Chemist: 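Shown below is the structure under consideration.
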Amino acid sequence: TPAPPGSGAGAAAADTASGVTIEGATWSHDRVAVVLARLAAIPALENIRLTGTSRVEPQGETAGGDDDPQPGKPFVTFILSADVTTGDES
């Protein structure tokens with residue numbers, strides 16, 4: 001039986017997929033979740049996965065003779081991977 005319209009099942013055999021890795025940094029784990037949600041809205045990306053995350057707290061640096069270190073703002077690094085699908089119909 002044919003696949004229902006809009007299901008994408010009939011076109012799956014004609015699609016090709018390749019992988020992509022995205023590395024980035026943002027201010028919090030909540031912001032990483034926002035990035036994931038936004039990427040999920042892109043039709044060409046499938047199987048989006050968070051493969052790594054780490055909170056980084058920069059060590060303070062002394063500036064211009066100041067003996068007190070000034071800490072930087074903490075941030076979160078992340079690595080995402082996804083499959084990129086193109087609708088090649090050759």
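Just so we're clear, the structure is a prediction, and the values are computed from it rather than from any experiment.
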Chemist: With R31, which residues qualify under side-chain hydrogen bond (donor to acceptor under 3.5 Å, both in side chains), at least two apart?
Modeler: none
Chemist: Are L39 and V84 connected in a single hydrophobic cluster, I mean Ile/Leu/Val/Met/Phe/Trp/Tyr linked by side-chain heavy atoms less than 4.5 Å apart?
Modeler: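 Same cluster: V84 reaches L39 through Ile, Leu, Val, Met, Phe, Trp or Tyr contacts under 4.5 Å.
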Chemist: Only one of I79, L80, T77, V76 forms a side-chain contact (heavy atoms from CB on, under 4.5 Å) with T53, so which one is it?
Modeler: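 The single option meeting the side-chain contact (heavy atoms from CB on, under 4.5 Å) with T53 is V76.
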Chemist: How many angstroms lie between CD in E46 and OG1 in T85, if you round to the nearest 0.5 Å?
Modeler: 3.5 Å
Chemist: For a quick test of reading the model, state the closest non-hydrogen atom pair linking F78 to A25 and the distance between them.
Modeler: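 Heavy atoms of F78 and A25 come nearest at CE2-N, 3.6 Å.
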Chemist: Between atom CD of E23 and atom OG1 of T21, what is the distance when rounded to the nearest 0.5 Å?
Modeler: 7.0 Å
Chemist: Who are the side chain to side chain contact (heavy atoms under 4.5 Å, CB included) partners of R55, not counting sequence neighbours?
Modeler: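 In terms of side chain to side chain contact (heavy atoms under 4.5 Å, CB included), with neighbours along the sequence ignored, R55 is linked to H29, E57, P74.
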Chemist: Find out if a path of hydrophobic residues (ILVMFWY) with successive side-chain heavy-atom gaps under 4.5 Å connects V34 to F75.
Modeler: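 Each belongs to a different hydrophobic cluster.
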Chemist: Would you please name every residue forming a side chain to side chain contact (heavy atoms under 4.5 Å, CB included) with A33, sequence neighbours left out?
Modeler: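 A33 satisfies side chain to side chain contact (heavy atoms under 4.5 Å, CB included) with no residue once adjacent residues are dropped.
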Chemist: Any side-chain heavy-atom pair from V56 and K73 closer than 4.5 angstrom?
Modeler: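 Answer no - side chains too far apart.
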Chemist: In the single-linkage hydrophobic clustering (I, L, V, M, F, W, Y; side-chain heavy atoms under 4.5 Å), do L50 and I48 co-cluster?
Modeler: yes
Chemist: In terms of hydrophobic clusters joined by side-chain contacts under 4.5 Å, are L45 and L36 together?
Modeler: yes
Chemist: Atom CD1 in I22, atom OG1 in T51: separation rounded to 0.5 Å?
Modeler: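 Rounded to the nearest 0.5 Å, the CD1-OG1 separation comes out at 10.0 Å.
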